[in-house]
Structures are given as C-alpha cells and as structure tokens.
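Sequence lines set the chain letters: A, B, ... in the order given, protein chains first and strands last, and positions in each chain run from 1.
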Amino acid sequence: MLSNHRHYWRILLLAWLLLCSGTSRANQLHMAYDADPVSLDPYEILSGGTLQMAHLLFDPLLRWNLDHQLESRLATSWQRLSDRAVRFNLRPGVLFHSGREMTALDIKWTLQRAKTSTDFKALFAPFNNARVVDKYTVDLITERPYPLLLNMATYLFVMDSQFYSGFDSRQKAKDAIEKHGNSFASTHVSGTGPFVVSKRQQGVSLELQRYANYWDQASPGNVDAIRLTPIKDSSTRTAALLAGDLDLIAPVPPIDHYRIAKQAGLKLYTRSGARLITLQLNQQKRPELRDQRVRQAIVYAINNRAIVGKLMRGFATPAGQQSPPGYAGHVAELEPRFDLQKARRLMAEAGYESGFAVSMIAPNNRYVNDAKIARAVTSMLAKINIQVDLVTMPKAQYWQQFDQRPADIMMLGWHSDTEDSANFTEFLAMCRDDDSGFGRYNGGGYCNPEVDRLIMASATETNAQRRAMLLQQVERILYQDAAFVPLHWQNLAWAVRHGVNIEAVMTDSNVPYLGDLVIQ
Amino acid sequence: MIDAIVSRGLQTLVVLWLISLVSYWVQVTVTPLAGPATYGDYLAALVRGDLGESLFYKAPALDIILEKFPATLELVLGTGLLIGLVAVPAGVFTALAPRHWLARAIMAISLLGISLPVFLSGTLLVYWFAVELNWLPVFGRGPVVWFGGWPTGLFSVAGLQHLLLPCSALALTLLPLFIRLIRAEMLIVLASKHVLYARAMGLAPWRIWLRYGLRNALLPLVTMSGLQFGTLMAYALVVENLFQWPGMGFLFMEAVTRSDGPLMAAYILVAGGIFLFTNIITDLIYGLVDPRLAPWNRDKVSHESI
C-alpha cells in the first residue's frame, strides 16, 4: 500500500515535469490592447480595431505612410484614366496565406463583397465596379467623379476569393457577412498580410506567426510572432508593462503617462490624433436649442482649454471645428471659443436669462475620460443657468440608446473613415436621410441645405484646391451656426519597452504597421 | 435518511426557482427583446437545460460559462489551499502563544487585512510583487495545458506563478476570518477537560495540541468553509477583473458591459447552482467528520447530545 502510494506520487511528479515546458522568445512581441478583434473579417465591423487587425492579416492596395502620403502596397503604381476611373497595376507574385497567387479577380471580388457589408457599403457606395484588364491590372470605376478614390483604396484589404467561396460545415456561404454573427470569414483567414493566425481564443488571446511567404521581403520588420492579449482595465495594462510582462500597450490613459515616461527601460510615444469629441445639441427635442444664440452661448460657456488642461492633462488638442490641422477643410482661424460674459449675454438676448433644464447622456467607457468630461460640462453650463441632468452609461447601452436620440445633449466622438474632412460633415452635420445614410450620426438634427450643397459639390470636385475651399466654407458655416459643440481632438498614446521601435511604424489613424516593426 | 435527502432536494429546488426569478428579471431588464417572451417559456427552457443563447458569442450561454469554469475553480481551490496553509499554523500559533510578539503581529495584520477592500489589497500586491520587485506576472493565466477536456495552469512553473498573486489577493479577504476562527476554537478546546486530562496523563505537548486540540477545533471550520465559498465566488469576480483572469467572473463583467442579458442571467443561475451544490457537499462532509451531525442523524441525536 505504502509503496503504491510512493509510486503514485512519483508518476504524478514525472507527469508534472513533463508537462512543464519552457517557451522560446525568438523575437516575440507580447502586446495588449483594451480589446481584441471581435472578428477576423475586415468588412464585418467598421472600427479602429478592425483596421488594426486588417493591417496584420491583410494588405490594402495602398496605405498611408507616416507623413500622411499614400504609398504602394499590393498596387505598385496607379494612374487616373478619367475623372471616374483609376488604373492600378498589381504586384505580381503576391501569395495569399492559402498559397494561391493574388490576381485582379480577387480585387474585383473583394470590392463586390465590401459593397454588401452593412457597415462599409456607405463608404464603398461611390464605387461602381472594378474592371479586370489583365491578371495584374485592374480599374476602379466610380459612379460620378470621386475625389477620394485613392483614400478608399487604403480600405481595400484584398481577400482570397477562392478561399472564401463555397459553403462551410454549417451549409452557410463562406463569404457571408454577418454582423456579430458566427460567420466563416469571422474565424478563418486567407489574406496577403505579414502575419497568420496560429491560435485565437476570443477575449483571451490572439497569437500570430509571421507568414513565411510574405511578399514584402524588403520590409525591415523582424517580429516572428505576436501575442495580443486584450486587457480591458487600463491600470492592469500599465502594471503589466511596468512589470515587464509586455512589450507594447495601447491605449495609455493620461493618468499613467508620467509614471511610464519616468520609468527606465520604457518609452511613451504620443502624437496628435484626429478623433474629434463633440456634444450634439438636440434641436428636434428642444425648441431652445433651435435658437442659434442659445447654441452659441453653450459653445461659449464650455471651456475646452480647461477640459484639455485639467481633465486630459494636456493630452488632447482643443478644437473649434471638425477638421484637425492637416485636413483639407481645416481653417486655422476657427479657434475654440470661451467667454462666459458673452455666453450670458447671448442667453439674455435669446430670452433665456433665467435658463432652462436639459437632459444629457454620455458613455463612460468609450472615449478617454468621457464621463469626467460630461460632468465638467454640467458644471460649466450651470454658470449660464442651464441645469443639466446627466446620465452616463457603458458604451454597449449607449449606442443602443443613441440611435433613439433620447436626450437633449449627447456626446459623440468621430474619426474620419476616409482621413478627410467631408466624412465628418456627411455623418454628423448633414440633414438626416436614412436612405442615403447621410447624417447617420447627426444627433442634433441640425439641417442646413447650404452645408449639404457644399458637401455634395465637394464629393465630385476632383480639383484639390477648389475642393478644400468648399470644405473650409462648410467649417465656417458650422462654426457660425454653432451646429454642435466641438471639444477636442484626442491624442494617441502608445507605451513600449525600449527596443520596440514603434515610432517608425505609427500612423495618424492609430494603426501601427506591425509587419514593419523592428524590435531588439 | 431518505426523508432528509428528499427535503434537502426540495429546498434546493425552491431556492433555484427563486434564483430563476432573479435571472429572468435581469434578462428582461437588460435585453427585453432577446430570449423567451414570458417567464413560463423561460422556466420551461430552463427545465430542458436551455439557459439561452449569448447575444455576443452566438452560442449557448451555459457552454460559454462552463468553458470558463476551470479557470475559476483553479483560482478558488488555489485560494482555499493557500488559506489552509496559512490560517491553520497562524491560528494555532496565536492560540498557543498569545503574548508572543509574532502572535500579536499576526493579529494586527489580520485586522488590517479584514479592513482592506480586495481591489485595494490586490492592487497593492501587484504594485509590490509585480511592478516593484518584478517577481510575479501581473495578469492572465499564463500557458495552459490541456488535461483531457480540462485546460489547466497547474502543470507549468509559469502557470503556477500566474496563480500566486490572484490567489493571494483572494486569500487575503478570508484569511483574517479563518485565523481568528481557528484561534478562538483552539483557545476553547485547549481549556477543555479532555486536554487537561491528556496533559495530566503526560502526553507530549505536540500530540495534545495537534491530535486532541486542533482536530476538535477544525469542526466549525468545515461549516465556515462551505458558507464562505459563496463569498469567495463573489470576491473572485473582483479579483478576476483585477488580474484579467479568464474565468466566469470576468466573463460576467464583460457580459455586463456588452449588455449581454442571456449570458448575465445564465451566470446568475450557474453561480447560484454552484453555491447550493457546495452547501450540500458541506452538509455531507459534516456527517463524515462527526456522524452525529449528519443531516440524516440530526433529529435522532439532538436531544441526548445537547
């Protein structure tokens, strides 16, 4: 009996030792975001997370480089054929993860599929078709002259048309796009990207290996494997980086910046971003907010610079308009307004000297310090006798509610999908039209035919200078009308250990090109 | 004996039914449109073993929760082990040498421990042992090995390292209670007649303390462990979120932020079920430790023994 016992323990110990295995770290990048990609389909959900995932597993025709210029990826060169068509010459010899060579047919197939996606169809609506000229040449043709054709080519992540054709084991079409569904494309990948998925456990980790036959052999990137862990809690994320468990984290909340910056062996990397945070004033619900003077009073009463300085700790750029600097529509003289005396005067002129009460909703886990900003706004508006009844909630509930436009003031952030000024106005300030999708996120109900006319004109204006004039005119009108309250553009922050050369691969749109990342 | 088991089973069913009312209410409030239309439909589905489908994962909620169960169980069991390893010696020592400086220190620290909320003590542990000293990892379960159908972190050094901090944080919530409990019980037992008698017989002090003292003092511990299991599950929710531990509690908090009503409702049911199950187990163990107190003997002996 006793000897049996001893045997038993020995076997157990042996099994334990056998199962214990060390892992090698040959240029492995261990990183954490606040979330992991919900789907591996680049056309299921339009979000920053999707874009980050797409640049790991797929390649676009063109991409933005660090100086916000277009650079060639799967397309080696391009030339405009007419005001409605651009010809792309494709890179020969590019292999999908399935081992098949990419051809012009895959571009045509990908575009057609993207046009059926509920999230992406508005973006791809201007496209009419892709015309296959030969194996390595394809023309993208738009309905009308479309100035942003090349911008949209950065969204064309070429998918393996054969891999995604046919039916899966559940008799569902492999190319089906099912939002938050369990589609084939959301869990299976064959792209041309620098990495392939080696293991994925939704919500726990995503493990990637470098694709051995990646076409871009000139890329300096030396990361062999990536392990992405979603860590929702920002202080846990920071602690894991400080403890040396991780090589790279994002986003980094402003409160941790100082701690990371002063730590030896770590680097904080920040740059100005293009995500605008706004408050929308619901004119449909409140007659008071239909009065331009009241809206202006609200804009004048809110101290953007104080919010950026105190709440964001300087980690944002105060905004007076939609377009961040560098965008075609940006007008330098449209500065943030803050003047309490003027705000009170405007309220008095409008006949609301004694103020009124409004409701307000804001998310509490979507934007940096969103709930804190909303509370600060509450106390700022109290100074012009507007009593705000504020409710904050997690983003999951917030977006459900937002669609009903239930409150008088609503917080909304926006990052231009096309990296262009017009996109802001199309979604946030044009008259709402459910058929065309314009004004989809215009919660204020602001509607100015002149703005609509200018934006529609800009959509077919291929002369860059004339187009910029139109877009700047829009910004001036929105500023004068106080169509909404611009707060600030969020900055971007990434933290890495020394030796992770993140600044060489980081773009304005908060997407790092990790395929080109060099680590020591 | 059969009477006892039947009545116990009925009790359990009634409690489960009450929990189902709560879970139904949660589901209907969070996601009114998803899931069964009436409580009757909901209950009927539950009886069939259908706890609804998660809105986010698009899969049966029960499967998703049970998939995360091993991680939570390893966390809770590890914590139990840690509590046992620390609380028993500490409790015995403080009872045997109450005036010793170490005993005083243990009591003082346990007082501190009982007054610190777990998210604070957990954060402090992370700060000291992970960030400052760099000894232990901050988050996650580390590498897991599949052992049959059970993913476990117990078979690798890294897995055990990952287990240590979350277990310590969770153990801190109950350690003070158990140290004090064992100490108090030991003091009572050591003052009792059979210990005095054993001493008079000239038995070795170790034998008296451990065999005749501790063994009797451990009895109330069994009840307490069973009752506190629920507390541990509740604190595990906080600890799992703090340490990004991929268990049931973490899943639940994610379901809350995603307003995944069916998943939240299913978690409430499963957590309630686990709690009831451990209570039954506790009762049975009680019977093993002291047959007079087994559920099926209680009525018989209570009059004579008290």
Visitor: L246(A) versus chain B, heavy atoms under 4.5 Å apart: side chain, backbone, both or neither?
Guide: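 The answer is the side chain of L246(A).
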
Visitor: Determine the option with the most heavy-atom pairs under 4.5 angstrom with chain B, choosing from L242(A), N182(A), I231(A), T236(A).
Guide: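 So the answer, after comparing L242(A), N182(A), I231(A), T236(A), is I231(A).
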
Visitor: Which answer fits V126(B), side chain, backbone, both or neither, if we ask what part of it has an atom under 4.5 Å from a heavy atom of chain A?
Guide: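 Contact with chain A: side chain only.
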
Visitor: For the residue pair Y43(A) / T116(A), report whether a side-chain donor-acceptor contact shorter than 3.5 Å exists.
Guide: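 Result is no, nothing qualifies.
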
Visitor: What part of P246(B) is in contact with chain A, defined as an atom under 4.5 angstrom from a non-hydrogen atom: side chain, backbone, both or neither?
Guide: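 For P246(B), the contact with chain A is made by the side chain alone.
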
Visitor: Can you tell whether the side chains of D168(A) and K174(A) come within less than 4.0 Å, N to carboxylate O?
Guide: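 Salt bridge absent between D168(A) and K174(A).
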
Visitor: Tell me, side chain or backbone of R259(A) under 4.5 Å from chain B's heavy atoms, or both, or neither?
Guide: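 It is the side chain, since no backbone atom gets that close.
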
Visitor: Given V26(B), which partner from the list L269(B), I268(B), L21(B) fulfils the side chain to side chain contact (heavy atoms under 4.5 Å, CB included) test?
Guide: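 The single option meeting the side chain to side chain contact (heavy atoms under 4.5 Å, CB included) with V26(B) is I268(B).
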
Visitor: Answer yes if the side chains of E240(B) and T72(B) hold a donor-acceptor pair under 3.5 Å, and no otherwise.
Guide: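 There is such a pair between these side chains.
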
Visitor: Where on E254(B) is there a heavy atom nearer than 4.5 Å to chain A: the side chain, the backbone, both, or neither?
Guide: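 When you check distances to chain A, atoms from both the backbone and side chain of E254(B) fall under 4.5 Å.
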
Visitor: Check the orientation of Y24(B) and Y42(B). Use parallel for under 30°, tilted for 30 to 60°, and perpendicular for over 60°.
Guide: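 Rings of Y24(B) and Y42(B): tilted, 30 to 60°.
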
Visitor: Checking heavy atoms, do the side chain of Y127(B), its backbone, both or neither come under 4.5 Å from chain A?
Guide: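 Answer is side chain: those atoms of Y127(B) sit under 4.5 Å from chain A.
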
Visitor: With no hydrogens and no angle check, is any side-chain donor or acceptor of R237(A) less than 3.5 Å from a backbone partner on I249(A)?
Guide: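 A pair under 3.5 Å: no.
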
Visitor: Non-hydrogen atoms of chain B under 4.5 Å away: do they reach the side chain of S205(A), the backbone, both or neither?
Guide: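 Interface part for S205(A): neither.
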
